[in-house]
2 protein chains.
Amino acid sequence: MANRKILIVDDESAIREMVRIGLEMAGFNCMEAADAQDAYGKILDARPDLILLDWMMPNTSGLELLRRLRRDDVSRDIPVIMLTAKDDEDNRIQGLDVGADDYITKPFSSRELLARIKAVLRRSADPEDGDAVEVSGLMLDPVSHRVFAESRPLEMGPTEYKLLKFFMTHQERAYSRGQLLDQVWGSNVYVEERTVDVHIRRLRKALETDIRDYGTLIQTVRGTGYRFSAAGLE
Amino acid sequence: MANRKILIVDDESAIREMVRIGLEMAGFNCMEAADAQDAYGKILDARPDLILLDWMMPNTSGLELLRRLRRDDVSRDIPVIMLTAKDDEDNRIQGLDVGADDYITKPFSSRELLARIKAVLRRSADPEDGDAVEVSGLMLDPVSHRVFAESRPLEMGPTEYKLLKFFMTHQERAYSRGQLLDQVWGSNVYVEERTVDVHIRRLRKALETDIRDYGTLIQTVRGTGYRFSAAGLE
DNA sequence: CTTTTTTGTGACATTATTGTTACAAACGCT
DNA sequence: AGCGTTTGTAACAATAATGTCACAAAAAAG
């Protein structure tokens with residue numbers, strides 16, 4: 001539940017308020033929008049983790065907004081829960097077809113709403129994964145979340161793992177510390193650039209084995225940053 | 001939806017008929033039951049892949065039947081979709097609590113019903129149990145619903161059993177707490193993610209024996225979740 | 001051969017994450 | 001109703017991970 005942003009889209013401010021208060025008490029971070037226009041702006045701006053979308057809206061219908069969201073790359077993956085009237089069955093079905101993740105009928109209990117929000121957020125979390133990468137005896141498997149050197153598992157912290165994963169999927173290219181921070185740490189964290197050096201150091205250390213020092217695969221590019229290259233050093 | 005069997009439990013034969021015809025046209029294989037007694041027999045007999053359960057029934061209530069199904073090993077894993085009246089919100093919540101996988105309010109369209117059936121089947125599409133799993137001395141037998149370590153039976157609660165079963169049938173893969181909640185608890189249960197940790201702890205404890213600590217097969221993946229791995233722990 | 005700049009390294013305080021225990025509520029059973 | 005189990009959570013303890021710093025080493029520049 002940790003600081004997830006939820007956008008509430010409803011033209012009735014009374015309902016928005018009620019829902020917002022409930023959700024904020026439950027630990028969510030809320031924003032409100034009164035119409036589709038407003039909603040769209042806030043979505044682009046704040047990138048909510050989930051959208052509660054009222055179906056009955058004055059200008060653009062909820063359906064139309066949902067369609068637009070599903071077409072756009074920015075909003076394509078944001079889960080949407082529709083709020084529909086009890087007997088508005090047609091809209092519910094249309095909504096599910098267009099890509100709503102769930103719906104809840106008004107009036108609803110706070111408990112039911114919370115349960116559905118939780119479930120949807122859980123389902124849409126971490127869609128990551130990919131294929132295993134292997135470079136001259138060093139293998140990273142995103143499924144098991146593990147790194148092997150000559151089939152022996154290596155130990156390393158989460159950041160080192162992410163760093164290595166990034167390098168192995170972006171070989172033979174130099175990255176500045178800033179770029180690495182963006183890619184591995186995330187673009188909205190502020191830490192010293194030197195922090196990268198320390199983690200590089202930790203990663204290199206974790207890559208040392210009796211058989212071979214895979215740390216040498218990470219090369220420092222003076223004045224620039226670091227590069228992962230299959231051709232070791234000499 | 002290749003030859004999936006669906007059991008329709010409803011006391012009104014008209015509704016059963018209607019639903020059956022619709023589902024059969026959609027390629028499902030249907031059976032009907034008019035009451036809980038009847039339903040229970042057919043479940044044991046035919047092992048349906050999914051149960052559509054009407055909530056309003058003359059003798060035993062739907063809730064009671066669902067409880068019974070969830071208690072019994074044979075029917076524990078069969079997904080259930082409740083059919084509820086429009087405004088019967090209390091029952092819906094109770095139903096989800098007891099272990100229904102989804103609900104749909106009457107009257108419903110065939111389209112909506114189909115959508116929900118497919119969603120539920122998709123979620124529960126697991127390599128059906130039946131075969132025992134064995135990993136380096138630890139054996140889980142889904143038929144007898146028991147776990148053995150070096151042929152000695154181990155004691156554990158239902159949740160720990162389900163957790164272990166999931167792990168043993170999905171080895172070498174890291175799962176987030178959310179994913180485990182979805183898979184082991186069910187996708188519409190609202191519990192804290194930390195609950196997973198506690199059950200992991202209970203499971204690990206249950207896996208300790210004099211001969212060997214099988215709890216170490218469950219590895220924590222920091223920042224991510226847990227993984228069951230037969231090999232490579234130090 | 002100095003001086004300056006850049007990177008490597010170990011130590012440390014602080015946070016985050018996970019392990020563990022205790023407890024109360026809910027449930028099934030008798 | 002009474003009893004033992006199971007479950008979810010909160011609270012606290014134990015660990016692991018993180019970001020920074022100070023200083024050493026290494027390159028580059030002059």
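In what follows, chains are A, B, ... by sequence order, proteins preceding strands, each numbered from 1.
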What's the NE2-P distance between A:H145 and C:dT17, to the nearest Å? 13 Å
Quickly work out the B:D197 CG to C:dG19 P distance and round it to whole Å. 6 Å
Closest to side chain of A:T159, choosing from D:dT20, C:dG19, D:dT18: D:dT18
What is the distance, to the nearest angstrom, from the CG atom on A:L203 to the P atom on D:dA17? 14 Å
Just checking B:R194: base, sugar-phosphate only, or nothing, at a heavy-atom cut-off of under 4.0 Å? base
Tell me if the side-chain of B:R201 makes a donor-acceptor pair with the base of C:dT20, cut-off 3.5 Å, by modelled atom types. no
If I take atom CZ in residue B:R177 and atom P in nucleotide C:dT17, what distance separates them, rounded to the nearest angstrom? 9 Å
Can you check the B:L180 CG to D:dT7 C1' distance for me, whole Å? 17 Å
Think A:W185 has a side-chain N or O under 4.0 angstrom from the OP1 or OP2 of D:dT18? no
Rounded to whole Å, the NZ-P distance (B:K205 to D:dT6) equals 14 Å
Tell me, do B:L69 and B:I78 make a side-chain contact under 4.5 Å, heavy atoms counted? no
Within this structure, what is the CD-to-P distance between A:E193 and C:dT6, rounded to whole angstrom? 12 Å
Per the atom types in the model, does the base of C:dG28 pair as donor or acceptor with the side chain of B:R68 at under 3.5 Å? no
Carefully, step by step, assess B:D45 and B:K42 under the rule salt bridge (charged side-chain N to carboxylate O under 4.0 Å, His left out). CA-CA 5 Å; B:D45 193 41; B:K42 292 206 162 112; over 6 Å; no
Could you please name the option among C:dG8, D:dA16, C:dG19 that lies closest to any side-chain atom of B:R222? D:dA16
Which is true for B:E160 with a 4.0 Å heavy-atom rule: it touches a base, it touches only sugar-phosphate, or it touches nothing? sugar-phosphate
Checking C:dG8, C:dG19, D:dT20 against the side chain of A:E192 (C-beta onward), the nearest is D:dT20
side-chain N/O A:Y226 vs C:dT6 OP1/OP2, d < 4.0 Å: no
Touch check for B:T220, heavy atoms < 4.0 angstrom, all strands: base, sugar-phosphate only, or nothing? sugar-phosphate
N or O in side chain of B:T195 less than 4.0 angstrom from D:dT9 OP1/OP2: yes
Where does the angle between the aromatic ring planes of B:H170 and B:Y175 fall among parallel (under 30°), tilted (30 to 60°) and perpendicular (over 60°)? perpendicular
How many angstroms lie between atom CG of B:L163 and atom CZ of B:F228, to the nearest 0.5 angstrom? 10.5 Å
Identified side chain to side chain donor-acceptor pair (under 3.5 Å) partner of B:E160 from the options B:R201, B:R202, B:H199, B:R204: B:H199
Kindly say whether, by distance alone, the side chain of A:R202 makes a donor-acceptor pair under 3.5 Å with the base of C:dG8? no
Taking OP1 and OP2 of C:dG28, is either one under 4.0 Å from a side-chain nitrogen or oxygen of B:R67? yes
Between A:Y226 and A:Q179: side-chain donor-acceptor atoms closer than 3.5 Å: no
Pick the nucleotide of DNA chain D nearest each of A:P158 and A:V198; which residue has the one closer to the 5' end? A:P158
In whole angstroms, the gap separating P of D:dT15 from CD1 of B:I200 amounts to 19 Å
